[in-house]
Structure formats: C-alpha cells, structure tokens
Amino acid sequence: MSYLEYNTKYVPTGLRKLLYLNWPVIMLLTAVACAGFLMLYSVAGGSPTPWMEPQMKRFVAGMVLMIIIAMVPIWFWRNMAGLAFGISMLLLVAVELFGEVGMGAQRWINLGFMRLQPSELTKITLVMLLAAYYDWLPNTKTSRPLWVLLPVLFILAPTALVLRQPDLGTAILLLAGGGTVMFLAGVHWAYFATVIGAGVGGIVAVFQSRGTPWQLLKDYQYRRIDTFIDPSNDPLGAGYHITQAKIALGSGGWTGRGFMQGTQSRLNFLPEKHTDFIFTTLAEEFGFVGAFTLLALYLLIVLFCVISAVNNRDRFAALLTLGIAMTFFLFFAVNMAMVTGLAPVVGVPLPLVSYGGSAMLVLLVAFGLVQSAHVHRPR
Amino acid sequence: MKRPPKDIIESARLINRRALVVGAAQLGIVGALGWRLQSMQIEQADQFRLLAEENRINIRLLPPARGLIFDRNGIPIAANEQNYRVVMVREDAGDVGEVLARLTELVDIDPENLTRAMEEMQRRSPFVPVTIADRLSWDDVARININTPALPGIQAEVGLSRVYPWGADVAHVVGYVGPVSDYDLSRIDDQDPLLQIPKFQIGKAGAENKLEHTLRGSAGTRQIEVNAVGRVMRELDRQEGIPGKDVQLTLDSRLQSYVQARLDGESAGAVVIDLENGDLRAIASAPAFDPNLFVRGISVKDWVGLNEDKYRPLAAKAVQGTYPPGSTFKMVTALAALEDGVISADETVYCPGYTDVFGIRFHCWKSGGHGNINLHESLKQSCDCYYYEVAQRVGIDKMAIMARKLGLGIKHDLPLSAVAAGLTPDKDWKAKVRGEDWRIGDTVNASIGQGYVLASPLQLAVMAARIATGREVTPRLVRLIDGVEQPSGLGDSLGLNENILRRVRASMNDVCNHRRGTAYSSRIMVDEYRMAGKTGTSQVRRITPEERARGVISNEDLPWERRDHALFVSFAPYDKPRFALSVVVEHGGGGSAAAAPIARDIMLQALYGGPPPLDAYPVAVRDKIAAQQTRIEARIPPGSKAQGRA
C-alpha cells in the first residue's frame, strides 16, 4: 500500500512545502524553548554558560533537523518505521551491554560526537512502529487477540529493557504512549479494561512484595514512593528534593518573586534545578501566572497536533501525530505532576525546557514527523 | 492492496472518536495540574513563602563586649584586649600548602597548630574560615596585610579577649574567664543563647564568675542569607548587642599588689577593710596564679604545677581558707563574758600556768603562769587561763552568739568563689552535726579559738572592724555597677556596751604599744597612726603530755605542715580607726613574730596610701624595712600598664 492510493497531486512540492508547515506548532515550540533558555540563564545565576548556550545550539540544530524531516514525505517515514524501531532496540541492547552509568542507572551510550540516550529515541520509534502496524492491519482484524498480542510485544520488549536500566519514568511513558496508540487505533475497550484491572492488581502486588525475597522494585524506587506518599517523614533525606521543590513552587505566589530572584533556586536548595526540577524555578520566579502560561502553551501544542491529526485522513499520519502528541503530553504532565507532588519522582524531564541533548533532539525529530504528516496530508 | 474508501472514512471516524476520549482525559489531567498549581501558589503561598524564608535566613549571634572591672581608683583590673588572628578560606587560597609556606615565612606559627588547621580545613566546607594562628602581635598583622596579594585566602581578623593587667596580684579576686564547657552548661540554668556560641568566654571563678550576668551583656543578632550548603551569601540585618556593664570594685589595686608582694614566699591570706564603709581595700591570698594563663587555655604542665604546689596557689585563702583563730578569738570570749556580767573588767583571775577542768589539764602558753590577771593584762599578754575561767562562767552558747555578732561563723555575701562560712560551734551544732553532747572541755578549747572554732581571714578582719567601730560593718567588694553606687557596708550599732568595748580596744592598743604587749615589736611609731591589735597562734596538732614533759618542740624544728598558724588582727589609728585588717600565715609559727610585722607593713601602706616614711617604724628594724620596701616597690606593676576598653 502506498500513498499512491490518495490524490497526491495536491501535496505541495519543493520549497513550497515550507509554506504548508504547521507554523503555529513551530511558534509554540519556539516559545516554550525560549522559556527554557530564560530559566537556564536564571538557574546559572545570570550566565549563558554552562546551560543556556549549549541548549540554544541544540535547539537550532533540532529545528533544522525538524524541517529537514518535514520535507521528506510521510510515506517514506512510514516505510522506515520498522527499521527505526529495530535500530533503537539494538541501541537499547547495546546500552545494556556497554552503556555508561549515570545517576545510578545505565542510560547513556557514547557515540563519540554525542552521548545518546536510546530510551528517548525508543519513545518515538515505538509510536512510529505501532502507527505503521495499524496502518497496515485491516480494520476488521484490529481487535483479534493474535493481532493485539503483536503490538503488545512491541511495547513490552523496549519497556522491559528500559526497566532493567532502571528508568521507571521512561518505562511508564513507553507503556502509556504505546497503549494510547493502540487505543486510538480502535482496539476493543475490553482489552484496556483488563489491562487496567491487571495493572491495579500489579500495583497491589508490588506493595505486597515489599520486604519479601521476591521484591519487585528496587529499594530506591520504594523509597521514592514512600517519599511521595508523605515527604515530611524524611525532610532532610529522601523527601528533601520534593519538599524543597514544593517550597519553591508554593512560594512563587501569584506573580512570582521576579526573574533571578527565586531564593530556593539561587541558593541551591532546589535539586536538579536545571533538569527535572526546572519547572519549580519557573514557578518560583514567575508565579502562578508564569507556570500556568507554560502549561497553556504545552496544551496548545497538543491541541494543534490533535487538530492536524483529525483533519488527516491518512491512518498512519493521524495515529503517528496523535501518538507523538500523547507522548509529548505525558512528558510534561508527568514532570509537572512529579514536581508538584502529585506523582512520585520518576525522572522525567520537562520537554524543551529541561537541559538535555537527547530529549530535545528526539522531541524535535518527532515534531518533524508531525510536520511531515501535516505537509503531506491527503487533500 | 487498495483500501476501500468506505474503510478509510470508517477508520478516520474511529480515530477521531477515540481521540476525543483521549483529549478529554488529557484535559482532565491538565485541569488537575492547574488546580494543583492554584492551590499551592495561591492558597498556600504564604505558608510556602515562610518556609522559603526559613530556609535561607539564618540568625547568628554577635557576642557583646564584656564589661570591664576597675579598682576603686578607676584602674582596670580586667580589660578587653584586641586579639589578632589569621584565618584562611580554603577555596580562596588556591594552593593551600604554598600559601601556608609563605605565611610561615612572615610570622612564627606553631607547627602543631598548622597541622591542626590543615586537618580542619580538609574536614570543613571550602568556604569556612579556619583559624591558623591566634594572638598575633600588631607587627605580625601588619606584615600579613602588606603581603596580602601573595597570600590569597588569608585574612587577619580582630576580636576581643580578656586580659588581667595586674596578673597574679588580683587573681583570687577577679578570677578568670574561659570558654563555656559542657559541664558549665549542665550545671547552670541559663537560657542565654550566647552560651551556645562555641568557645564563648564566661566567668569561671571569682568576681568574673559571680558577676557574670552584670558583665556579660546581651547578644546582638545578625541575619544572614545562606545557601543550601550553609555558605553565607550576604548580611540582611544587623543588630549590635548590649555590652556588659562595667564594675568598679572597692579594691585598691596598688595596696592589693603591695599585700601580695609582702606575702610573697608564704602561704597566707590578708584582708584590709575600710572602716568608713566596709570597703575591702585588699583581699590577698598567697601564693597566687596568673589568671591570664586560664584565658589563653592553661597548659597541662602549668595546671599540674598549680595543683601539686603544697602552698595551694589556686585557693583563695583570704575568703576560702578557715583556720582556728587562736588568741584572736579572745576578744569574743571577753566581750561575751563582760556583756553577760559574769566578770567585770577589773576582776582578776589567778593563772598558775594551767587549769584543771574535770581532771583534764589545760595549759597556758606561759608555763610559769601569769599570776593574778585582769582583762587588760590577759589580752595584752594573751593569758589563756583567764579565758578558760571566764568561758566556763559565760558558757559556749553566749560566746557563739557574740562571735556571730562580730562576723564570725557567718557567710559574708561577696561576689567571690567559695566564700567560707567558718564555724562558731555551740551545743546545738555539736548535737546536730556530731551527734554528741557538748563537753565543758570544748568550751575551754573554744575560749582561746581552738577546738572546733574556725574562721577565715575575711571574718577575722570583719571582727576587728566591728570591735573598732562598735557597728555592724559588712564587707563590700563592689563599689559601682554601671556607675551606680552600691549600698555602703557601714551598718548600725551592734548594741554592745561602749565602756566594755573601750576597755577591749585599750587592751588591744597595749598589745602593740605596751612594752609587754605580744606585738610590741610590730608597733607603729607615728602617734596619730597608732595601731591596736591582737596576735594569735593556733595549733594544728595536739601537744601530748609526754611531749610537754620533754619540752615543747619549737616551730622551726617541725616540718612545715605541722607548724602553728600565725594570726594577727588589728585596726588603726587607735583613736580614730580607719582600717581594720587580718593576716593569717599558714604554718607561719607565732602570731607576734610571723603575722604582726606583715600586718603593720600593710597597715602603714594603707594609712599613707603608699610607702610610709621610715620614721613610722621602730629604729631597730628600719634598715631591714628600707631594703624590703625597695624590693617590693620594684615588684609592684605600675598602674599605667593597664588598658581601657578596646
């Protein structure tokens, strides 16, 4: 099957494609990234180094990459889906074997010119693979057990590898992202009801297993859960991070303490203030107004993706766009839930704002795919 | 394979329906996040703001300057001195070893301290200043300041430390300060946050200790902003503390210094009281120690040396030491008997050299006896038998009451460490403490200040003062606190019969000024300054009958710690008393030989306010006195050495 079945003569060609990009999404992405630059400048104590400058360079490189990907027809990417997934799985296995240990987990692979986090890449390639799969699969077979089992395996294979690193945050994102694509593709409700039921049962089992020889999670993960349930139990130990984060966030008030005036971040009470906890600095310095504005920008990005997807009659394009939008949504929602104390601290960065190369590049590549789907949509 | 158009439309519809469900779920999550932000940043904002302020603002205490202690003439005897020290901040230093090597070229630093400082620097955060050397001279500091560019991370700081310009001469009165210890904290109930400052100096002994609350002042505060690891970012607010109040003592530091010098070589105590207001002009205990040693942190060698000295330099003998008063107690016995009327001043008692009381023989110091003797002669010649007799007539309880009236056996309220209460025994005391009945022999012993009777030099001086004035003179050590005059120590009349008192004083006058008086050789030759007094020699051991039969061994032949204590109490001038004093020389031998000359010298110094003319002394001793005066004057530190508040 190919796009030949659609009327492709209306699809723009050459540089004209630039006019057909989803410009609102590009604007919104840039706005969010700029908020990130501002915060990285602030947490460095009013200095472009060590974080803002590299982040800007990566953003520019990522935007160029995004536009290049957008220029390439979406059907090419659909054909590449299997290969991309295969490569990311290989990299995950490579990390398992030769990866560098950082922050208590094996996550990085050194490619010489950059340190790559294959788990980041997998979030996108998994969505690609599932979208291509459901594009290929006839609608009637979608809910047949055998045809449901296959994508489940696609999801579980990388999830299992990521959990081994261990990286609970990415594992949750993979499960939820993949599951959402399956749901959107039309897999029967009953499957999801069963999985959610089993999931609740599993959580119960995880807690029951604690302290027994067949303990399912690492001690540090249990401690994170404990800290989440009641951070005040251990304010200087396990709960220190989240307690300080909440103090920073709450002390922002309506309009915040002013740019570079946040005492919690400036005086280093905040942990990981340039990566996972950067949202608390923003909330401290710009208050509820700033924090809510960022939340609204994120939501708008998701909204424009959803609009693009529902107007796209191509099944692969729609599923891919929605899947990426969902992954993006999960990124910021989990991060914000984490720093506001609604979810355990699982190590998910704030997309486009947190300092970090892999995550930003991968996200912009993903938005390149969204743009490609938008530009090359059947008309 | 071509997908039927119907299929495409159907699939797109399905995706859109499901997308709606997912979108609704996403909106729900965003709503929850928005609500959470709202509740934390708007509803609980104040509470979190407070927590953030608590995080960043630390309150540090600023120790106040300790109040100064002056003598009666405004000469400082406890002052604050600027103390220079060098500190090093590791992170500013770069190469720590290199910088320290350069520093040691400039100033002398104990290698031991250097190693300790290096260790401390490794242990603590790199921004914490660590003291490298303490108590540097101004020259050292100047050298360091000139070379600042070559010494990164090195800073000279200035603080205040306590200094006692008169050194050992005032040690037993002012005491000393030292860093507050855990033991101090467990012992004193004091909520003052200053005590929590490490190495904060508090009074450990003497007036420094007893006047601690007056001298200490109260803490200032400094609000500083700190970061998560405790580095100080900036100062937000500063409130200086209230300095401690200055105290002026009644002590005359020149006289005090003279007395200390005069007692040199003895284990002794002496007290001089001003009869106008009870002011203690001198409270001397010998030997003494240098209180400055304790401020700096005394070395083990010095500490052991002070503790093992058999003359006990750490004991403030003038107020802590209690001794059998010996014959100086005879005024008490006499006054008790005369006041009670059991004997009149002119009535005589026969002294055969001993008295037998229920089969026990009590000896007079003069084995041949004094014959018939009245009050006047008995005091002048210090006959014991007279007192054995009158004490039996008047009884111990009335003697004890008289003793307390004269300031013995009671604790005088002075801001000094361990002021002794002494002991004036009576029947109740013996029943209560010893669980035994009072025996007549005890009364006989007590009548000449032996047995259970104990008194400190301070109490003996008070006794002399009360006999001289007939008034309830109470000793006063603190003259002014923060410029406010403290109540005078000149009390009301004791209510004693003035005629009887006059007879006793006249007898004391003859002790010094009559040829047959026991202190005749220590008289004052100037008429208007004539001294009245009473010698005392108290035994520290029992003389057995066999010993007495062999002949009493003279003090010189006994080991030091078994010799008699020598005592002397006096007041002068006899006609118009100005000063009363007491001298106790531990194991000094006889009171007339060992204590009275010291008392006379001190009295003359007090009366003249400096070295007296040689005419005041009997011709025979003038050469010796002249030599002694030169020796002592050389030793007394000049008052100008003292420093004011820095």
Side-chain angles (χ1 to χ4, degrees), chain A residues 1 4-6 134 138-140 142 180 183-186 243-244 246-254 256-257 262-264 266-271 283-284 287-289 291-292 295-296 298-299 302-303 306 309-310 312-315 318-319 322 325-326 329 332-333 336-337 340-342 378, chain B residues 1-58 224-234 236:
Chain A
M1 66 190 169
L4 295 177
E5 66 206 57
Y6 299 119
Y134 282 110
N139 281 354
T140 46
T142 308
T180 308
F183 179 75
L184 290 165
T243 306
Q244 293 300 338
K246 283 167 79 176
I247 291 174
L249 212 130
S251 65
W254 260 108
R257 311 197 69 168
T263 58
Q264 286 287 98
R266 200 163 45 77
L267 301 173
N268 283 328
F269 287 101
L270 276 180
E284 185 188 23
F288 179 72
V289 173
F292 198 79
L295 187 61
Y298 279 131
L299 196 63
V302 174
L303 188 68
V306 171
V310 297
N312 202 328
R313 278 179 296 137
D314 179 45
R315 195 168 158 83
L319 283 176
L322 286 174
M326 185 62 190
F329 175 84
F332 75 78
M336 287 185 184
T340 51
L342 285 175
Chain B
M1 174 178 114
K2 193 170 164 83
R3 222 180 259 270
K6 194 179 148 236
D7 225 22
I8 293 171
I9 293 163
E10 182 58 32
S11 140
R13 275 214 190 119
L14 181 64
I15 290 175
N16 290 358
R17 276 206 305 272
R18 292 258 167 132
L20 206 64
V21 173
V22 171
Q26 288 177 339
L27 271 180
I29 291 171
V30 167
L33 285 172
W35 169 84
R36 177 72 169 177
L37 284 177
Q38 180 273 134
S39 106
M40 284 175 77
Q41 297 197 284
I42 294 162
E43 283 172 22
Q44 302 176 57
D46 293 343
Q47 185 189 329
F48 282 117
R49 179 67 65 97
L50 192 70
L51 288 171
E53 296 299 293
E54 277 175 14
N55 257 348
R56 76 177 177 113
I57 296 172
N58 262 12
I224 48 170
E225 186 181 79
V226 295
N227 72 1
V229 288
R231 182 198 295 269
V232 179
M233 308 306 280
R234 62 196 164 125
L236 301 172

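Computed from a predicted structure; not experimentally measured. Hydrogens, waters and symmetry mates are skipped; everything else that's a heavy atom, side chains included, is used. Labels below follow one simple rule: chain letters A, B, ... track the order of the sequence lines, proteins then strands, and each chain is numbered from 1.
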Inset, instruction - Side chain from CB out, backbone as N, CA, C, O: work out which of these in B:Glu53 comes under 4.5 Å of a heavy atom of chain A, or both, or neither. - result: side chain
Legend entry - Top contributor to chain B interface from A:Thr140, A:Val306, A:Leu299 [non-hydrogen pairs under 4.5 Å]: A:Leu299
Inset, instruction - Please round to the nearest 0.5 Å and tell me the distance separating atom CD of B:Gln41 and atom OG of A:Ser251. - result: 8.5 Å
Legend entry - 4.5 Å side-chain heavy-atom contact, A:Met336 and A:Tyr298: yes
Legend entry - chain B contacts, top residue of A:Thr263, A:Leu303, A:Thr142 (heavy-atom pairs, under 4.5 Å): A:Thr263
Inset, instruction - Nearest 0.5 Å please: distance from the CZ atom of A:Phe329 over to the CD1 atom of B:Ile29. - result: 4.0 Å
Inset, instruction - Grab the two heavy atoms, one from B:Leu236 and one from B:Ile57, that are nearest each other, plus how far apart they are. - result: CD1-CG1, 3.7 Å
Inset, instruction - Count the heavy-atom pairs under 4.5 Å between each of B:Ile42, B:Leu27, B:Leu51 and chain A, then report the option with the highest count. - result: B:Ile42
Legend entry - Part of A:Ala291 within contact of chain B (heavy atom distance under 4.5 Å): both
Inset, instruction - Please state whether the side chain, the backbone, both or neither of A:Leu322 comes within less than 4.5 Å of a heavy atom of chain B. - result: side chain
Inset, instruction - Identify which part of B:Gln38 has an atom lying under 4.5 Å from any heavy atom of chain A, answering side chain, backbone, both or neither. - result: both
Legend entry - Pairwise distance CD(A:Glu284) to CG(A:Leu249) - rounded to 0.5 angstrom: 9.0 Å
Legend entry - A:Arg257 side chain reached by A:Gln264 side chain, heavy atoms, under 4.5 Å: no
Legend entry - Max heavy-atom pair count under 4.5 Å with chain A, selected residue of B:Leu20, B:Leu50, B:Asp46, B:Leu14: B:Leu14
Inset, instruction - Pick whichever of B:Arg17, B:Gln44, B:Met40, B:Gln26 has the most heavy-atom pairs under 4.5 Å with chain A. - result: B:Gln26
Inset, instruction - Output the distance between atom CG (B:Leu37) and atom OG1 (A:Thr340), rounded to the nearest 0.5 Å. - result: 6.5 Å
Inset, instruction - Pick one of side chain, backbone, both or neither for A:Leu184, based on which atoms fall under 4.5 Å of a heavy atom in chain B. - result: both
Inset, instruction - State, to 0.1 Å, how close A:Val302 and A:Ala325 come at their nearest heavy-atom pair, and which atoms those are. - result: CG2-O, 4.1 Å
Inset, instruction - With a 4.5 angstrom heavy-atom cut-off, could you sort out which part of A:Ile247 is near chain B: side chain, backbone, both or neither? - result: both
Inset, instruction - Look up atom CG in A:Leu319 and atom CZ in A:Phe183, then write down how far apart they are to the nearest 0.5 Å. - result: 12.5 Å
Legend entry - B:Arg56 versus chain A, the contacting section by heavy-atom distance below 4.5 Å: both
Inset, instruction - Sort A:Ala296 into side chain, backbone, both or neither according to what part of it lies under 4.5 angstrom from a heavy atom of chain B. - result: neither
Legend entry - Option in A:Ala248, A:Gly287, A:Ala318 with maximal non-hydrogen atom pairs under 4.5 Å from chain B: A:Gly287
Legend entry - Which portion of A:Phe269 sits near chain B, non-hydrogen atoms under 4.5 angstrom: both
Inset, instruction - Measure the acute angle between the ring planes of A:Phe288 and A:Trp254, then classify it against the limits of 30° and 60° as parallel, tilted or perpendicular. - result: perpendicular
